[in-house]
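I have placed the structure first, in the form of structure tokens, so that the comments after it can refer back to it.
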Amino acid sequence: MTDKKHKQIFVKGAIGSSFIADSIQKHSTKTTIGAHSIFLGQVRSDSRDDRKVVAIDYTTYEEMALEKMHEIREGIFAKYPLTCMHIYHSLGTVAAGEICLFVFTSAVHRKEAIDACEEVVELIKKELPIWGKEVFEDDTHQWKINNV
Amino acid sequence: MTDKKHKQIFVKGAIGSSFIADSIQKHSTKTTIGAHSIFLGQVRSDSRDDRKVVAIDYTTYEEMALEKMHEIREGIFAKYPLTCMHIYHSLGTVAAGEICLFVFTSAVHRKEAIDACEEVVELIKKELPIWGKEVFEDDTHQWKINNV
Amino acid sequence: MQLKVQAFGLLAEIVGNNIIVDKQTDTDSLKKQLAVQFPSLVDIKYAIAVDKKIIAGNTLINEASIIALLPPFSGG
Amino acid sequence: MQLKVQAFGLLAEIVGNNIIVDKQTDTDSLKKQLAVQFPSLVDIKYAIAVDKKIIAGNTLINEASIIALLPPFSGG
């Protein structure tokens, strides 16, 4: 346990494509980077018993999530020679077709960037206290279950 | 061998972040997609014998590259249940810090998108007849060698 | 003395975001007390976090412990 | 009769993008002829593509064959 402020990963609502573009653009000054790996989670319009998902409403236990993300980040940087890593996850309502998760790793060579990105995505899904509530057309809802 | 026109993958110069953003944005109408995996190759400012790379100048054997890319694409779609896949590679001069390769796979679930993206990147590097000429500050150059 | 317990996701929907339970000395007795106080929790799968860490086994708690009930995660 | 051969990358820099060599009946004899005509090629590693496919072994060629000399790829 620590009292220090951990890096924020949560953003309100969907992650826009221009936000992603800006994040990519910022790396053009880091000319030791040779490879970026990006994962984007997009809200699916699944059907459950004839009801269609129109959005997912995300909530979190923020203090625990940021502490856990800090641990994950330290573990990943210890394991892979990354130049940088950026993580963003939505809170609140994200409509079907919109982006709710943005994982962005950069390294000198592709292997590290790709492997680190995949590992971080798995850890986020498995270890971060975040809950998605699937909202249907008729305003009913169902709590999302991640496939692991 | 076929006479049919294969899908173009080459773009003149660097791949801009707004081009990438547009490409992501276009997928918001495809609401069966749950995961996007993106790989970006960025030109590194490596040093070789005290000379710094300022750009890479890419050339290709286009007819062969597009035919080969078509084969790779068919193989990947046969192997992974992807919703879509987009590939772009620069030709001509791309400055250090700019993006020269953009591989974008989308699927219902993350595993397929991530695995397909990684495999396509490897195949592009190994099998597409593309050559990068590293241009140094002093206008000398050296032909790039891919690490495999 | 009483314990403050936070609940999240599906659990918050059932018992509210913040609940008060009679003071317990460890997490095993807390679980039993929760089942008495909120019978609807009995069939629901959840983990307990003490001080922002998911507990691995029965864990001592006191009034200063930060306790949270966590249904299975579904981020991303 | 003569053969038109395309060259790429480092090879194009040395011999030009398009070269003309005396007609050969297969790729092994083409390689020998290239070494005679362009001694600077001898130390350079390259593959031969016939009709846009890299050849696996000695391959018959004729005037209609699309022949290309390919140094190691370095895309991406």
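The figures that follow rest on heavy atoms only: side chains count, while hydrogens, waters and symmetry mates do not. Proteins come first, then strands; the chains are lettered A, B, ... in the order of their sequence lines, and each starts at number 1.
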Completion exercise
Scored by heavy-atom pairs under 4.5 Å with chain B, the best of A/Cys117, A/Cys100, A/Ser45 is A/Ser45
Practice task
Please look at B/Val108 and chain A and tell me whether the side chain, the backbone, both or neither of the residue comes under 4.5 angstrom of a heavy atom of that chain.
Solution key: both
Handout entry: B/Asp138 atom CG, over 12 foreign heavy atoms within 6.0 Å
Key = yes
Exercise for the section: Working to the nearest 0.5 Å, report the span between OG1 of B/Thr31 and CD of A/Gln42. Expected result: 8.0 Å
Problem - From CA spacing to verdict: side chain to side chain contact (heavy atoms under 4.5 Å, CB included), B/Arg44, A/His109 - result: CA-CA 10 Å; B/Arg44 281 198 315 271; A/His109 297 294; 3.8 Å; yes
Exercise for the section: Dump the intermediate steps for side chain to side chain contact (heavy atoms under 4.5 Å, CB included) on A/Ile24 and B/Ile20, then the final yes or no. Expected result: CA-CA 9 Å; A/Ile24 294 167; B/Ile20 296 165; 3.8 Å; yes
Exercise for the section: Give the intermediate values and the outcome of side chain to side chain contact (heavy atoms under 4.5 Å, CB included) for residues A/His36 and B/Ile99. Expected result: CA-CA 10 Å; A/His36 303 290; B/Ile99 305 294; 3.8 Å; yes
Handout entry: Which portion of B/Leu101 sits near chain A, non-hydrogen atoms under 4.5 angstrom
Key = neither
Problem - Inter-residue atom distance A/Leu40.CG - B/Ile38.CD1, 0.5 Å rounding - result: 4.5 Å
Handout entry: Verdict with supporting geometry, A/Asp115 and B/Glu118, side chain to side chain contact (heavy atoms under 4.5 Å, CB included)
Key = CA-CA 9 Å; A/Asp115 290 352; B/Glu118 177 166 13; 4.1 Å; yes
Handout entry: For the student: nearest non-hydrogen atoms of B/Gln25 and A/Ser17, plus distance
Key = OE1-OG, 3.0 Å
Problem - Residue part contacting chain A, namely of B/Ile33, when any heavy atom lies under 4.5 Å - result: both
Handout entry: Basic-acidic side-chain contact under 4.0 Å: B/Glu122, A/Arg110
Key = yes
Completion exercise
The interface call for B/Ser37 against chain A, heavy-atom contacts under 4.5 Å, is both
